[in-house]
2 protein chains.
Amino acid sequence: MAVERATRQRDAIRSVIQASKRPLSPGEVLHAARSEVNALGLATVYRTLKLLVAEGAAQVITLPGESPRYEMAESAHHHHFQCNTCRRVYDVPGCPGDLRRLAPRGFTVEHHDVTLYGRCRDCARRKMHASR
Amino acid sequence: MAVERATRQRDAIRSVIQASKRPLSPGEVLHAARSEVNALGLATVYRTLKLLVAEGAAQVITLPGESPRYEMAESAHHHHFQCNTCRRVYDVPGCPGDLRRLAPRGFTVEHHDVTLYGRCRDCARRKMHASR
DNA sequence: GGCAATATGAGAATGAATTATCATTATCGT
DNA sequence: ACGATAATGATAATTCATTCTCATATTGCC
């Protein structure tokens, strides 16, 4: 049976995701992890992300119209914010509460996703300066 | 300048979307409109959907991990429900309310999306019978 | 250190959704 | 009904994210 090995690239990828306070796309992971492992390939990023998700260490975050992003599995229920300017995605700690009541009669709600859109702190600041 | 013409296929596509109480994928539109125009092509569906959106008659609904669906433009703010069984998407009239407070400090919220997941009425009923 | 087995990297291949092509057909103002 | 022009349908082409391939490099146990 296949035994799993520890490699520089896996360590780099794992630590990049752990260090990030926001979900990262495979491309973002690649970019960030290359400061650790220079010749890192995209295929390895995909392979490792799949591993991390399979072992429950990471989870997939899918927002409308976006390809998947990855973040370390968090126990706390939370949602996400996407910046309309830089397109980056951030965690949002809260939750609007019980949404079961919104569903039409006869529908059973099992879970929900909430996505906020707007301008992130960085882009808000940038905008402010630009329009000075 | 290009003058826009009324055709059987456009009428069929428009009426299919208007008649539907839920957002439809291009494939669903094609299928439904073929009962009206037999030889309808997928390209025409895409072209017409784009037209309808451009003129503001229809709007694009994008849910996480899903390709776009289309529904007639509605004035009322609302959200969507996706059935975990049949994958169909339904309108949900309500809204959890003001979500601005959830965003971290420095973030500006401009709009939001809420998606509920669970079992739709049809699938709940079907499940009930199956497990009799 | 040696070696069998796993992991990697680069690029090719795939898959799914959407768009482009173009010869043919349909629309609509006259 | 005619004719200029827009629309259609079939399918090829494109796009993009993801997976596969396979020769080479690494890892971990002895």
Side-chain angles (χ1 to χ4, degrees), chain A residues 1-17 23-55 57-71 80 82 87-89, chain B residues 1-17 23-55 57-71 82 86-89:
Chain A
M1 62 227 65
V3 179
E4 198 161 302
R5 293 176 179 176
T7 64
R8 292 188 315 128
Q9 19 285 83
R10 285 180 182 172
D11 290 347
I13 291 167
R14 196 188 315 263
S15 69
V16 158
I17 298 178
L24 300 178
S25 68
E28 287 174 323
V29 172
L30 177 66
H31 181 78
R34 272 192 168 155
S35 66
E36 191 74 18
V37 180
N38 199 263
L40 185 63
L42 183 55
T44 299
V45 172
Y46 274 102
R47 282 186 289 237
T48 304
L49 290 174
K50 183 176 290 189
L51 261 183
L52 292 174
V53 170
E55 72 188 25
Q59 60 189 322
V60 184
I61 303 301
T62 311
L63 299 196
E66 298 284 314
S67 44
R69 287 174 170 77
Y70 298 82
E71 67 181 6
H80 297 92
Q82 181 167 38
R87 300 274 91 199
R88 284 184 296 189
V89 173
Chain B
M1 63 224 62
V3 179
E4 198 161 301
R5 291 177 181 178
T7 65
R8 293 187 315 126
Q9 19 285 85
R10 284 181 182 173
D11 290 347
I13 291 168
R14 196 187 314 262
S15 69
V16 158
I17 298 177
L24 301 177
S25 68
E28 287 174 322
V29 171
L30 177 67
H31 181 79
R34 270 191 169 155
S35 67
E36 191 75 16
V37 180
N38 200 264
L40 184 63
L42 183 56
T44 298
V45 171
Y46 273 102
R47 280 186 290 240
T48 304
L49 290 174
K50 183 177 290 190
L51 260 184
L52 291 174
V53 170
E55 71 188 26
Q59 60 189 322
V60 184
I61 303 302
T62 311
L63 298 196
E66 298 285 313
S67 46
R69 288 174 168 77
Y70 298 82
E71 68 181 5
Q82 181 167 37
C86 66
R87 301 274 91 200
R88 284 185 296 190
V89 174

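The chains referred to below are lettered A, B, ... by the order of the sequence lines, with proteins before strands, and numbering in each begins at 1. All values below were derived from every heavy atom in this structure, side-chain atoms included, with hydrogens, water molecules and symmetry-related copies excluded.
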Nearest heavy atoms of A:Val60 and A:Pro68, plus distance in Å: CG1-CB, 3.6 Å
How many whole angstroms separate atom [atom1] of [X] from atom [atom2] of [N]?
X	N	atom1	atom2	result
A:Glu28	D:dT18	CD	P	12 Å
B:Glu4	C:dG29	CD	C1'	17 Å
A:Arg87	D:dC16	CZ	P	16 Å
A:Asp11	D:dT27	CG	C1'	12 Å
A:Leu30	C:dG11	CG	P	13 Å
A:Glu66	D:dT18	CD	P	11 Å

[X] has a side chain; which of [options] sits nearest to it?
X	options	result
A:Gln9	C:dC28, C:dA10, C:dT8	C:dT8
B:Arg5	C:dT18, D:dT18, C:dC28	C:dC28
A:Arg10	D:dA17, C:dT18, C:dA7	C:dA7

A:Arg69 and its side-chain contact (heavy atoms from CB on, under 4.5 Å) partner, picked from A:Gln59, A:His80, A:Gln82: A:Gln82
Residues B:Ile13, B:Leu40; criterion side-chain contact (heavy atoms from CB on, under 4.5 Å); working and verdict: CA-CA 10 Å; B:Ile13 291 168; B:Leu40 184 63; 4.3 Å; yes
B:Ala6 vs B:Ser67, nearer the 5' end of DNA chain C by closest nucleotide: B:Ser67
Pair of N/O donor and acceptor under 3.5 Å linking C:dA26 base with B:Arg8 side chain: no
Side-chain ion pair, A:Glu55 and A:Arg10, N-O less than 4.0 Å: no
DNA chain D contacts made by residues 40-52 of chain B, counting heavy atoms under 4.0 Å: B:Leu40, B:Gly41, B:Ala43, B:Thr44, B:Arg47
